[in-house]
Amino acid sequence: MTKAIRSLGALGISLALTLPALAETAPTETPDIVIDGGAVTLPTVADAPAHLEGALGDKIYSGWLFRDAETRAMQEDDFANPSMAFVDQGIEAWNTVDGTEGKSCASCHNEIESMKGVRAVMPKVNAAGELWSMENYINDCRTNRMGAEAWKWSSQPMENMTLAISLQSRGMPVDVAIDGPAKPFWEKGKEIYYTRYGQLELSCANCHQQNYGQMIRADHLSQGQTNGFPVFRINGAGTVSLHERFSGCIRDTRAEPFEQGSQEFRDLELYVASRGNGLPVEGASVRH
């Protein structure tokens, strides 16, 4: 009986999220994220990129707007923000010599502030014509310049480093390239975004485009913007990479996720990031 009830509940969720009519509910208020009493102010709304062709209306919204007051407040205080402990670990790793070449990240790049602007344009196509996420660039430096072991995609050291690097771009607008050599990757990511997966036959768009602002179980659906990643998630008491979140979403459709770091997830990362072009990088964000 319990299994039958769960199945009916899942079916109800699936049917509710696959209705053809749009059901999105835009936030009625869009306050800025005011950090440390105004030391940093981040807008939470921006004009929708033209390439979305009205898919999200005329505005895009930070996921921060869809969280409760306690979670919002946590992000507005760098001392209370649990992400900052992991940022500190990332900065420590930046300055620590590792590998056979006797180098640290700082040996080549100097202070971590030199990474300002990097997060805002990731992922991007490298010199070899491959679409790379920030994690790819980090591991390329580690293995080819430092003689160190590559970090696993969503390992704590990798998330610490991506958090620390992301913080350097806090406040800068997301501006990923989707034309030129990036276009075929963007097109593939768009295809994945709108493809239904799993036993529930849900796509990313069913939740984050057609039903943002609605409740699903105890979760308030956002537009799925990525400008806050990596994030600290209160419900798991830890940091979460973007590809880890992709895996969780696909798993929730009762499908087998792509591998973190795979071409598919990097393509999807580019497309989803482009949906947030214009929103500021939040650096070290908090979600429930």
Side-chain angles (χ1 to χ4, degrees), residues 31-44 61-98 104-106 109-122 133-135 137-139 141-142 151-174 220 222 224-245 248 260 269 273 276 279-288:
D32 292 340
I33 303 172
V34 181
I35 299 172
D36 292 349
V40 179
T41 300
L42 306 176
T44 56
Y61 303 100
S62 165
W64 181 86
L65 291 171
F66 298 83
R67 305 282 63 92
D68 58 35
E70 291 77 10
T71 303
R72 289 187 187 186
M74 198 175 292
Q75 188 173 329
E76 290 189 301
D77 182 348
D78 277 350
F79 186 78
N81 186 338
S83 293
M84 288 303 177
F86 300 99
V87 168
D88 289 343
Q89 292 177 41
I91 294 173
E92 181 179 357
W94 176 272
N95 293 303
T96 299
V97 172
D98 193 8
S104 67
C105 302
H109 300 289
N110 300 315
E111 298 301 317
I112 197 168
E113 287 81 2
S114 67
M115 293 292 103
K116 183 176 181 179
V118 170
R119 172 66 177 84
V121 298
M122 289 290 172
S133 302
M134 190 189 300
E135 289 87 345
Y137 285 96
I138 290 170
N139 272 339
C141 280
R142 286 186 58 78
W151 285 328
K152 291 184 179 180
W153 197 270
S154 292
S155 65
Q156 195 62 62
M158 180 65 85
E159 291 180 359
N160 294 346
M161 185 61 73
T162 53
L163 268 166
I165 292 174
S166 294
L167 186 64
Q168 310 315 308
S169 298
R170 184 161 68 174
M172 298 183 68
V174 175
H220 191 196
S222 72
Q225 300 293 353
T226 63
N227 58 307
F229 278 84
V231 304
F232 182 90
R233 295 200 73 194
I234 295 173
N235 65 356
T239 55
V240 176
S241 75
L242 181 56
H243 287 204
E244 191 173 358
R245 183 60 257 163
Q260 293 180 40
E269 178 183 351
L279 286 173
V281 174
E282 292 183 15
S285 62
V286 182
R287 302 292 187 258
H288 68 58

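The model shown is predicted, which means the values in this text are computed figures rather than measured ones.
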request  = Determine whether Glu159 and Ser154 make a side-chain contact, defined as any pair of heavy atoms from C-beta on separated by less than 4.5 Å.
outcome  = yes
key: Polar contact flag, side-chain donor to acceptor under 3.5 angstrom, Gln225-Ser62   = no
inquiry  = Whether the side chain of Arg233 engages the backbone of Gly238 through a donor-acceptor N/O pair (distance < 3.5 Å, no angle test) should be reported.
reply    = no
request  = Please state whether the rings of Trp153 and His243 are parallel, tilted or perpendicular, taking 30° and 60° as the class boundaries.
outcome  = parallel
ask   = Would Asn139 and Glu135 count as having a side-chain donor-acceptor pair, cut-off 3.5 Å?
value = no
ask   = To the nearest 0.5 Å, what is the distance between CD (Gln156) and CG (Leu163)?
value = 8.5 Å
query = Out of curiosity, Cys105 SG to Ile138 CD1, how far, rounded to the nearest 0.5 Å?
reply = 7.5 Å
remark   = Heavy atoms of Leu65 and Arg72 approach each other most closely as O-NH2, 2.6 Å
ask   = Any idea which heavy atoms bring Glu282 and Gly228 closest together, and the distance?
value = CB-CA, 4.0 Å
message = Measuring from atom CD of Glu269 to atom OG1 of Thr226, what distance do you get when rounded to the nearest 0.5 angstrom?
response = 7.0 Å
message = Rounded at 0.5 Å granularity, tell me how far CG in Leu242 sits from OG1 in Thr162.
response = 10.0 Å
message = Is it the case that the side chain of Asp32 and the backbone of Val34 share a donor-acceptor pair, with hydrogens and angles ignored and the cut-off at 3.5 Å?
response = no
request  = Mark yes or no for whether Gln75, through its side chain, and Thr71, through its backbone, hold a donor-acceptor pair below 3.5 Å.
outcome  = no
ask   = Got a donor-acceptor contact below 3.5 angstrom from the Ser285 side chain to the Val231 backbone?
value = no
query = Taking C-beta and beyond as the side chain, do Lys152 and Met158 meet within less than 4.5 Å on heavy atoms?
reply = no
ask   = For the atom pair CD (Glu113) and CH2 (Trp94), what is the distance rounded to the nearest 0.5 Å?
value = 9.5 Å
request  = Mark yes or no for whether Ser166, through its side chain, and Gly283, through its backbone, hold a donor-acceptor pair below 3.5 Å.
outcome  = no
key: N/O donor-acceptor pair under 3.5 Å between Arg119 side chain and Phe229 backbone   = yes
message = Looking at Gly276, is its backbone amide N or carbonyl O close enough to the side chain of Asn227 to form a donor-acceptor pair, meaning the two atoms are under 3.5 Å apart?
response = no
